[in-house]
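Basis for what follows: all heavy atoms, side chains included, without hydrogens, waters or symmetry-related copies.
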Amino acid sequence: MKYRKLNLATLPDDLFTKQTDVKRWLELTTTSDGGFPPNSLNHVFPIERDVEIERLFGISFYMLGNVFPFVFPLLLVYSSMSHIGSVLLKILLAYFAILFIIAKYNFAKFTTKYNRPRDLSATDTKDNQYLFTERNNQKYTSMQFVWPETIQRPALLDKAVIFCVIPHGVAPLGITAYPVWSKLFNDKLCHWTCAPIVLKIPILKRYMRRIGYIPAKTNNIADTLTKKEENVGIILDGIAGMFQSHDEIGHVKNRKGIIKIALRSGVPIVPVYCFGHTALWKVVVDPFGVLEWLSLKLDVSLTPFFGRAGWFLGPPRRVAVCVCLAEPVLCPKIENPTQEEIDKYHGLLLKGYEQVFEQHKKAYGWGDKTLQFV
């Protein structure tokens, strides 16, 4: 089978626009019969120094912003009870202030550099997806996309699609190339899903909604696929996937709800494996599984992690991320699918993950690894 590859890290900046015809992107793809050579998909490419610095502090600010609404009230209470709590609160506020100032400076710099508007549009979600932060993610992670010729345009042109990604890791940076999902395979806007609580976090919720995020709920996903006839992206292992970062484990054996949605909507599912997600950060997992249990119950991650140079809650290591798509699972439209039908197509989804992992693992330099489902 023939495969195509698009190197987003080296894509010229002037082509990273909504106005660019997708043909210009496709002209930059390379092809290979039977897969790509060993260790050819794990290259870490040089990047501009200012981009690297922006991501070092920008990702740290984003990570802190995710936990700040939960940690700040706890430290505020603790500070009234303990001197240590007071010190920790001051450290947190100082760290937040420093990252905020740096982020504000970089916002002004990179919106000018990439010729981007200062605010997100209230109506043009597709254009909003061309964020300078996500463009810099592509460079920082040396991001590449690989897909089989069978889903090359126009195969999925007239269909809403579900892109089903694993593994989550601490943060699934591979999905943040938002315009690719909305442009490369068809012209339908791709809405990524997230935990409903994320869309309630002040400031962050506005940003997330304006680039197309929807709650990871059945009704929201089904309405997007059938009423809007637009794509949906989902990280199938979700929060559970944050606790599987030392091995290549897909926490998806019992994740069958998306299959039922796909069958009722009659849309294809494309299995996607993001090589490198589990290598970006080092996760601290308690041996008793308490943090995992709490995280799953509260639908928010409570796991501590370390990034580049041991930076607590900091930026990821400079590891290549290769987003590999499999052949689609073609789901017929079945209004009320039986459990047997759901199990059948769920099995095909798992088979798709296995095939795409085995096909490209040597090219990513992981020839000795295996993918396990739990």
Quiz prompt | Counterpart residues, ring pair (Phe, Tyr, Trp, His ring centres under 6.0 Å), relative to Phe36 (two or more places apart) | solution =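 Ring pair (Phe, Tyr, Trp, His ring centres under 6.0 Å) check on Phe36 returns nothing, list empty.
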Quiz prompt | Interatomic distance, Asn42 atom CG to Gln144 atom CD [nearest 0.5 angstrom] | solution =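 With rounding to 0.5 Å, CG (Asn42) is 9.0 Å from CD (Gln144).
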Practice problem: Drop me the distance from Ile91's CD1 to Leu75's CG, to the nearest 0.5 angstrom. | Solution: 10.0 Å
State, with a plain yes or no, whether a side-chain heavy atom of [X] is found less than 4.5 Å away from one of [Y].
X	Y	answer
Ile334	Glu341	yes
Leu204	Pro69	no
Val284	Phe305	no
Phe61	Ile102	no
Ile59	Thr133	no

Side-chain donor/acceptor of [X] to backbone N/O of [Y], under 3.5 Å:
X	Y	answer
Ser265	Ala262	no
Asn66	Tyr62	yes
His43	Asn39	yes
Lys253	Leu350	no
Thr176	Pro172	no

Exercise. Tell me, with the steps shown, if Trp281 and Phe306 meet side chain to side chain contact (heavy atoms under 4.5 Å, CB included).
Key: CA-CA 6 Å; Trp281 284 274; Phe306 295 86; over 6 Å; no
Indicate whether the side chain of [X] and that of [Y] have a donor and an acceptor atom separated by less than 3.5 Å.
X	Y	value
Glu248	Thr370	no
Arg55	Asn137	yes
Asn136	Glu54	yes
Asn186	Asn231	yes

Quiz item: Using the ring of each side chain (for Trp, its six-membered ring), is Phe373 parallel, tilted or perpendicular to Tyr353, with breaks at 30° and 60°?
Solution: tilted
Quiz item: Hey, mind stepping through Tyr207 and Asn128 against side chain to side chain contact (heavy atoms under 4.5 Å, CB included) and telling me if it holds?
Solution: CA-CA 9 Å; Tyr207 160 83; Asn128 289 344; over 6 Å; no
Would [X] and [Y] pass as an ion pair if we require N to O under 4.0 Å?
X	Y	answer
Asp127	Arg116	yes
Lys126	Asp187	no
Lys113	Asp13	no
Asp223	Lys228	no
Asp237	Arg255	no

Quiz prompt | Any pair counted as side chain to side chain donor-acceptor pair (under 3.5 Å), so long as it reaches residues 356-367, sequence neighbours left out | solution = Tyr3-Gln359, Glu358-Lys361
Quiz item: Is the number of heavy atoms from other residues, nucleotides or ligands within 6.0 Å of NZ (Lys5) greater than 12?
Solution: yes
Quiz item: Does atom CG of Asp158 have more than 12 heavy-atom neighbours, drawn from other residues, nucleotides or ligands, at distances under 6.0 Å?
Solution: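 No, the 6.0 Å shell around CG holds no more than 12 heavy atoms from other groups.
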Quiz item: Looking at the rings of Trp181 and Phe163, which for Trp means the six-membered one, are their centres under 6.0 Å apart?
Solution: yes
Quiz item: Hey, would you say the Phe275 and Phe357 ring centroids sit under 6.0 Å apart?
Solution: yes
Anything under 3.5 Å between a donor and an acceptor, one on a side chain of residues 307-325, the other on a protein residue two or more places apart or in another chain? List them.
| residue | atom | partner | partner atom | Å |
| --- | --- | --- | --- | --- |
| Arg308 | NH1 | Glu52 | OE2 | 2.9 |
| Arg308 | NH1 | Tyr140 | OH | 3.2 |
| Arg308 | NH2 | Glu52 | OE2 | 2.7 |
| Trp311 | NE1 | Tyr95 | OH | 3.0 |
| Arg317 | NH1 | Ala279 | O | 2.8 |
| Arg318 | NE | Tyr140 | O | 2.9 |
| Arg318 | NH1 | Phe45 | O | 3.2 |
| Arg318 | NH2 | Phe45 | O | 2.9 |
| Arg318 | NH2 | Lys139 | O | 3.3 |
| Arg318 | NH2 | Tyr140 | O | 3.1 |
| Arg318 | NH2 | Ser142 | OG | 3.4 |

Self-check item: Shortest non-hydrogen contact from His191 toward Gly212
Solution: ND1-O, 2.8 Å
Practice problem: Apply side chain to side chain donor-acceptor pair (under 3.5 Å) to Glu229 and list each qualifying residue two or more places apart in sequence or on a separate chain. | Solution: none
Quiz item: In chain order, what residues pass the side chain to side chain donor-acceptor pair (under 3.5 Å) check against Thr111, with sequence neighbours excluded?
Solution: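 Arg118.
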Exercise. Can you run down the ring pair (Phe, Tyr, Trp, His ring centres under 6.0 Å) pairs that involve residues 107-126, sequence neighbours left out, and say none if there aren't any?
Key: Phe110-Tyr114, Phe110-Phe132
